[in-house]
Amino acid sequence: MKVVILAAGMGTRLGKLTENKPKCMVEVNGKPLIQYQLDVLSRENLEVLFVGGYKAEFLNQFEKPVVLNEEFDKTNMLWSFYLAIKDLDEEVIVSYGDIIYSKNILSELLKLEKGIVVISDKDFLPYWEGRSEDPLSDLETFRVDDNSNQIRELGLRPKNLNEIQGQYIGLVKIDAENLRRIKSLIENDKVVNNKPVRNAYFTDLLQELIARDYQLTAVPVPGGWIEVDTPEDISCDVAQKRLEKIIEVNYAN
């Protein structure tokens with residue numbers, strides 16, 4: 001199993017923090033953002049593969065393989081994902097490069113051995129309310145079948161909070177069979193969720209899979225993660241409180 005960390009983006013919303021470094025290298029409480037992920041993954045002896053783009057040379061210090069998306073400024077996250085997996089034929093974990101999560105979340109992800117497994121935050125609302133004056137403007141739809149936890153909709157613009165039963169955190173596990181099917185879809189169709197694959201988000205892929213009746217299983221977790229899109233995502237009280245708990249869990253003796 002490989003862990004594909006998508007870290008090609010420029011992180012323009014972070015302003016001066018990413019003028020001279022990629023988004024994943026922005027410091028959070030004195031440590032590069034990506035280091036928190038690597039510390040968790042190393043405990044499970046999982047093999048990491050980066051997708052770099054903007055200032056990708058910073059990733060070399062971690063001594064992990066790096067797939068380069070040379071068109072990072074013209075393409076989107078799905079294309080970075082495809083560049084990483086086009087020659088792979090094994091189970092993969094896909095992680096956004098701008099998140100920090102607890103080892104408990106990784107354990108939950110690894111429990112299910114088959115299929116497409118998607119981590120969702122069931123305690124998302126207080127977190128978003130602490131980050132944004134208008135949470136609904138930034139949240140995405142997430143609907144599941146209550147009896148099976150199969151995802152019915154993901155990543156669309158919600159009209160109200162009733163359309164949100166959790167929030168996708170940017171962490172997915174895909175078994176080898178489904179990975180082969182996804183590669184074929186990308187290579188042959190070249191469009192997902194009505195967008196060219198080069199310009200689509202990873203959530204566009206997930207919604208396309210749902211529309212094609214793929215089985216995506218939601219694993220709800222009670223917080224235990226943060227994402228970093230803006231400077232306020234680092235400094236706000238709700239993020240700092242979550243981070244304190246993550247550090248306590250991840251680095252306890």
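Enclosure of atom CD in Glu63 is not indicated, since only 12 or fewer non-hydrogen atoms of other residues, nucleotides or ligands lie within 6.0 angstrom. Remark: Lys241 NZ is loosely packed, at most 12 non-hydrogen atoms of other residues, nucleotides or ligands lying under 6.0 Å away. Residue-environment remark: CD (Glu248) stays at or below the threshold of 12 foreign heavy atoms within 6.0 Å. No more than 12 heavy-atom neighbours from other residues, nucleotides or ligands sit within 6.0 angstrom of NZ on Lys114. Counting non-hydrogen atoms of neighbouring residues, nucleotides and ligands closer than 6.0 angstrom, the CD atom of Glu113 reaches no more than 12 such neighbours.
Side-chain atoms of Leu6 and Ser95, non-hydrogen and from C-beta on, never get closer than 4.5 Å to each other. Using a 4.5 Å cut-off on side-chain heavy atoms (C-beta onward), Leu185 and Tyr214 make contact. Side-chain contact between Val172 and Ile116: present, with at least one pair of heavy atoms (C-beta onward) separated by less than 4.5 Å. Between Asp229 and Leu14 the shortest side-chain heavy-atom distance does not fall below 4.5 Å. The closest side-chain heavy-atom distance from Gln37 to Ile100 is not below 4.5 Å.
Side-chain polar atoms of Asp146 and Gln165 form a donor-acceptor pair below 3.5 angstrom. When only modelled atom types and interatomic distance are considered, Glu140 and Thr203 share no side-chain donor-acceptor pair under 3.5 Å. One side chain, Ser80 or Asn69, offers a donor N or O that lies under 3.5 Å from an acceptor on the other.
Leu110 contributes atom CG, which lies 13.5 Å from atom NZ of Lys103 (distance to the nearest 0.5 angstrom). A distance of 12.5 Å separates OH of Tyr54 from CE of Met25, quoted to the nearest 0.5 Å. Once rounded to the nearest 0.5 Å, the distance linking CD of Gln240 with OG of Ser235 reads 7.5 Å. From Phe202, atom CZ reaches atom CZ of Phe81 across 4.5 Å, with rounding to the nearest 0.5 Å. Between the CG atom of Leu156 and the CG atom of Leu154 there is a distance of 8.0 Å, given to the nearest 0.5 Å. A distance of 11.5 Å separates CG in Leu179 from OG in Ser184, rounded to the nearest 0.5 Å.
Electrostatic pairing of Glu163 and Arg143 counts as a salt bridge here, judged by a charged N lying under 4.0 Å from a carboxylate O. At a threshold of 4.0 Å, the pair Arg180-Glu90 does not count as salt-bridged, since none of the basic side-chain nitrogens sits closer than that to a carboxylate oxygen. By the 4.0 Å N-to-carboxylate-O rule, Glu71 lies close enough to Arg198 to be salt-bridged with it. In this structure, Arg181 does not pair ionically with Glu177, as no charged nitrogen and carboxylate oxygen lie closer than 4.0 Å. With respect to Asp121 and Arg242, a salt bridge is recorded, a charged nitrogen being found less than 4.0 Å from a carboxylate O. The pair Asp233-Arg13 fails the salt-bridge criterion, with no side-chain N (NZ, NE, NH1 or NH2) lying under 4.0 Å from an Asp/Glu carboxylate O. Note on Asp204 versus Lys195: salt bridge recorded, some NZ/NE/NH1/NH2 to OD/OE distance being below 4.0 Å.
At least one donor-acceptor pair under 3.5 Å links the side chain of Asn160 to the backbone N or O of Asn162. Between the side chain of Asn250 and the backbone N or O of Tyr101 there is at least one donor-acceptor pair closer than 3.5 Å.
No close placement of the Trp79 and Phe72 rings is indicated, their centers lying 6.0 Å or farther apart. Taking the six-membered ring wherever Trp is involved, the centroid distance between the rings of Tyr96 and Tyr168 falls below 6.0 Å.
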Check the pair Tyr127 / Gln167 against side-chain hydrogen bond (donor to acceptor under 3.5 Å, both in side chains), numbers first and verdict last.
CA-CA 11 Å; Tyr127 178 46; Gln167 201 60 194; over 6 Å; no

Determine, stepwise, if the pair Glu91 / Lys173 fulfils salt bridge (Lys or Arg N to Asp or Glu O under 4.0 Å).
CA-CA 7 Å; Glu91 187 173 38; Lys173 184 163 66 71; 3.0 Å; yes

Apply side-chain hydrogen bond (donor to acceptor under 3.5 Å, both in side chains) to residues Thr217 and Asn149 and explain how you reach the verdict.
CA-CA 6 Å; Thr217 303; Asn149 267 356; over 6 Å; no

Could you walk me through whether Glu108 and Lys111 pass salt bridge (Lys or Arg N to Asp or Glu O under 4.0 Å), step by step?
CA-CA 5 Å; Glu108 290 298 315; Lys111 282 181 181 178; 2.8 Å; yes

Can Arg212 and Glu208 be said to form a salt bridge (Lys or Arg N to Asp or Glu O under 4.0 Å), step by step?
CA-CA 6 Å; Arg212 293 177 181 238; Glu208 178 72 24; 2.6 Å; yes

Apply the test side chain to side chain contact (heavy atoms under 4.5 Å, CB included) to residues Val238 and Glu129: give CA-CA distance (whole Å), side-chain angles for both, the deciding distance (0.1 Å), then the verdict.
CA-CA 9 Å; Val238 68; Glu129 288 176 336; over 6 Å; no

Between Lys23 and Asp98, does the salt bridge (Lys or Arg N to Asp or Glu O under 4.0 Å) criterion hold? Intermediate values first, please.
CA-CA 7 Å; Lys23 186 179 185 182; Asp98 61 357; 2.8 Å; yes

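In terms of the salt bridge (Lys or Arg N to Asp or Glu O under 4.0 Å) criterion, Lys21 has no residue partners (sequence neighbours excluded).
Under the 4.5 Å side-chain heavy-atom criterion for grouping Ile, Leu, Val, Met, Phe, Trp and Tyr, Ile5 is not connected to Tyr201 through any hydrophobic cluster.
By the 30° and 60° cut-offs, the orientation of the rings of Tyr36 relative to Tyr251 is perpendicular. The aromatic rings of Phe124 and Trp128 sit perpendicular to each other, their planes meeting at more than 60°, with 30° as the lower class boundary.
In this structure, Ser137 and Arg157 approach most closely via the heavy-atom pair O-NH1, 3.2 Å. Looking at every heavy atom in both residues, Asp89 comes nearest to Lys183 through N-NZ, 4.5 Å.
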